[in-house]
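The shown structure was predicted, so the numbers you read here are calculated from the model rather than taken from an experiment. Numbering of residues begins at 1 and proceeds along the displayed sequence. Just so you know, ligand 1 is whichever comes first in the structure, and atom 1 is the first atom listed for that ligand.
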Amino acid sequence: MSQSLQRTNLNSGWEFKQTDSDQDSWSSVQNVPSVAHLDLMANQKIPDPFIGLNELDVEWVGEKSWTYRTSFSTPSLPANSKAILAFDGLDTFATVKLNGSVILESSNMFLSHRVDITDKFSSGGQNDLEIEFASALLRGRELVEEHPEYRFIAHNGEPGRLGVRKAQYHWGWDWGPVLMTAGPWRPVRLEIYEGRIADPWTQIEVDKSLKFASGTMFAKIEGTSAKEVRFSLKLRGDTIETKSAAVDSDGVAKVAIQIQNPELWYPHGYGAQALYEVTAELSVDDVVLDTVVKKTGLRRGELIQDVDKIGKTFYFRVNNIDIFAAGSCWIPADNFIPRISEDKYRKWLQMMVDGRQVMTRVWGGGIYEEDVFYDLCDELGILVWQDFMFGCGSYPTWPALLDSIQEEAVCNIRRLRHHPSIVVYAGDNEDYQIQEEYNLEVDHSDKDPQSWLKSTYPARYISEHLLLKVVEAESPHTVGDLHQWNVWHGTQEKYQIFDSLGGRFNSEFGMEAFPHIQTIQHFVKDPSQMYPQSHTIDFHNKADGHERRIVTYLVENFRTTTNLEAYIHLTQLAQSEALMFAYRGWRRQWQDRKCGGALVWQLNDCWPATSWAIVDYFLRKKPAYYAMYRVLAPIAVGVRRAHHDWSVCHARPAKKLAWDLWISSSEVNDVKVDVELRFVSIATGKDIKAAFTKNDVDVTANGATDVLSGEIDNVKEEPHVLAARLWVNGELKSRDADWPQPLKYIQFGDRGLKILPKGNELHITAEKPVKGLTFEEREGVLVNDSAIDVLPGDEQIVTVRGMKDCDEPLNWRYLGQDE
Ligand SMILES: *[C@@H]1O[C@H](CO)[C@@H](O)[C@H](O)[C@H]1NC(C)=O
C-alpha cells in the first residue's frame, strides 16, 4: 500500500559546542535553524554583540569551528520508499555526518541539499546527525593563499570573503559589524516518500491586450511508480482549470493552460494583487503521494530600454502601465538571520507600502531572502529587484567556484520564479566600480566569455555570461543601472542639487542619519558616552570618514549643536532634506522618462547603528521616511527656488532667484486639481504678497506638469517660504514648502507652535513657519506623519495610534527650537 510523503522537521533536540575545544562542553540549542552566536548568547557564553563595544569581545567566535548534533529514531520505511535529509541552508563550510559517516560536504550557504539516507540508518534504532561548521573567516583567507592567480580586491570586509559563498555582509560592511556566523541557518528535515513533486512551476505569459494569458504548468517528479500529475488552477478558491498529464521520460509532467480575462497582479497603488493558486498532485492507486501548492500572479513585466534624445531609457512597465519605481534597497534585517520572525518581515514590508514605496532591491551582499519575504511582496504588491549575491569586489572564478555559483543561481531561481513581484535579476553590486578603480581589464568588443576568464577581471564571466544564461533558462519572463554616490561619497555635492546628478535609474544613493534617541539608549549603556562623537556612538557607525561627512553636511546647512538629541535631529533633517530633493526632482524627470526610478540606499539596518537607513533596526522611522512618503503622493505638488550655491560665492545672496511649481502624478488618467502658492515671511508669519491660486489645472497622467513660475527679489523681499497646497475635488492632497537655503542663515526664535491633543489626534498650528517638526518614535505608537513643516493659517492633523490614556505625550522637536 502506498503512502503519502511525510515530513519531519528536525528542529529540536539539538546541541552544539566548539569543535576542537576540550574546555567547551555540549550546550543546548533552543531551535534549529540557528547560528552559533545565537546559541552562545542563549547559553550566556557571549554578551549581546549589539550593545556597546561587545562586537570586539565576540570576534573569536568567527575564528572557531562549531559542531551541531542531534539524534532521531529510525522511521518505518514502507516498501518502495526512500528517506531523505533535506538541508535548506548550511552556513557555510559544513561537513555532515550520519552515524559517523560523512553524507554531505557543502561550501555554499545559498544552496539547499537533499541527501538520500535510505541505506544509512543505524541498526540500533537511534541515528546521530552531526554537522561541523569550519571557520569561514579562516577558510576564506586560505583560499586567497591557495589562488595567487587572482587579484582579490574587496571594498568592505576583507578579500577572503570573495572566494566564499556566504553572505558578504557577515565580514562587516560600511553599515554593519563583523559577525561571522556558522550553523544550520535554515531548516533541516527528514522526508520519507515513494514519490514527490520536486519542482512545480508555471510559465504563463500575459498577452499584450491583457485579455488572455497562456502558457504551461510543469512539475518535476521524483520517485518511481507514479505516472500522472493532476494540476489545478484556482483563484480565490474557485477552480478555473483542472488537467492531468503523464510524466515523461525526464520525469516532467506538463499541461498547457489558457486563461481568458485573467485577473492580473499589480504593484500596489495601480490595482489589486490577484494571486492564482497552482496545485500539482501526484497519486498512485488513489493514494495521493504528494501535493504542492504555490501561489503565483499573472502580469506583464517589461524593462523599457528605448533610445531617446539623451541615451537609453531604463524603466519598468507592468501590465502596460509605466511605473516610476520609487522605493528602497533592502539588506538582511539582522546579523542573525534565523531570528527574524515572519511578523517582523511583515512589519518591514507593510512599512514600505505605507510609505508609498513600490519597489525594493534585495541587495547582493546579503542573502536570497526567505520565502516569506517574497510571499509578502506578492501579497502586498511590492516590485522586487533581485540581485545575485555579489558585492563590491573583483571576484575570482576558479572552476569549482563557478560550478557552485551556477548551482546557487539555479537553485534560487527555481525557488523564486513563481513570484510575480520579482521583475528583474541583476548581476552584481558595485563590482564594476572596483574594475574601473583598479583598471582591471574589460574589453567590451571582446564577446568571448572564455577569454574574459583569463583577464584581470574574470568576474565579468559571472555577471555577463553565467548568470544571464541561468536566468534565460530558468525564468525566461523576467528581465538587467546607476548608483549615484556624489552626495555623501565622491565629490560630496550639496544635496540641494541631487536631482541634477541622477541617471536613468538610480538604484543607490543616500545620506546618513543617526537613529532615534531610544535606539542609541539601547546600545549605549554608559551615560558618559551619551554625546554625538563618543567612542560608543562612533563604533556604531561603520562608514569610512563618517565623522567628516556628517559634519560637512551639517555645517553647510545648519547651526550645529553638541546636545545629543538636537544633533540627532539635525542629522535626520539633513537626510530627509537630501532624499526629498532627490525623490522630488527625479520624479519630476519622469515627465519624459528621463528618470525611471530611484531606490534609496537603504531601507533598513541589521543592527542598531548610524547608517544610511531611513528606518532603524527597531523599525523606528527617521524623518526621511515621511519626506519620501509626501513627495511620492499619487498627486504631489512641488515648488522650489533655483539653487544658489552659498559657499562658492562667499555667502553673497543672489539678487534674484527663479522659482517654479509643478505637479507630479502617477494616476493613470488625467486629473483636474486646484493649487495655491503663498509667500510667507519667516520673521512675521505674514504673507508678503498675494498668493497665486489656480483652479481646474489639468494634470497629465503618469508624469509631471509645469504649472507656475516666477522670481524672488531678494533685495526687496524679506526671507520667505514658498508654501504650496493642492486639492483634488476639494480635498487637500498634497503640500510642499520651499525654504531659503541654507537653513542655518535663518533666525528662528519663537514660532508660536501649538500642538493640541484631541482624542487620538494632534492639532498643530503655528504663528510663524516651522521647519521639520518631528515626533518621538515610541515603541508600539504610530504617527501618520512626522518631520513636517507647519505654516501659519494651515492647521495640520497628525493621528497617533497605540497610546494609552495614562501615557506621557510624545516628545517632539523642530529646527531652531533651542534658539
Ligand atoms: C493623518 O490623519 C489626519 C486625521 O485623519 C488626516 O487629516 C491627515 O491628512 C493624515 N495625514 C496623512 C499624511 O495622511
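Formation of a donor-acceptor pair under 3.5 Å by the S665 side chain with backbone atoms of G703 is not found in this model.
For atom 8 (C) of ligand 1, the closest non-hydrogen atom on the protein side is I797 O, 3.7 Å. Given atom 10 (C) of ligand 1, the protein heavy atom at minimum distance is N784 ND2, 2.5 Å. Closest protein heavy atom to atom 4 (C) of ligand 1: T799 OG1, 3.2 Å. Nearest protein heavy-atom contact of atom 13 (C) of ligand 1 is D785 OD2, 3.4 Å.
Results of the side-chain contact (heavy atoms from CB on, under 4.5 Å) test with V358 over F324, F316, Y270 single out Y270 as the only residue that passes. T700 pairs with exactly one of D670, N669, T705 by the side-chain hydrogen bond (donor to acceptor under 3.5 Å, both in side chains) rule, that one being T705.
Annotation: cation-pi pair R641/W659 absent, no NZ/CZ under 6.0 Å from the ring centroid and within 45° of its normal.
Atom CG of N729 has 12 or fewer heavy atoms from other residues, nucleotides or ligands within 6.0 Å.
Listed by atom number, the atoms of ligand 1 under 4.0 Å from E761 heavy atoms are 4 (C).
Within the structure, the closest approach of Y629 to ligand 1 falls below 4.0 Å when heavy atoms are considered.
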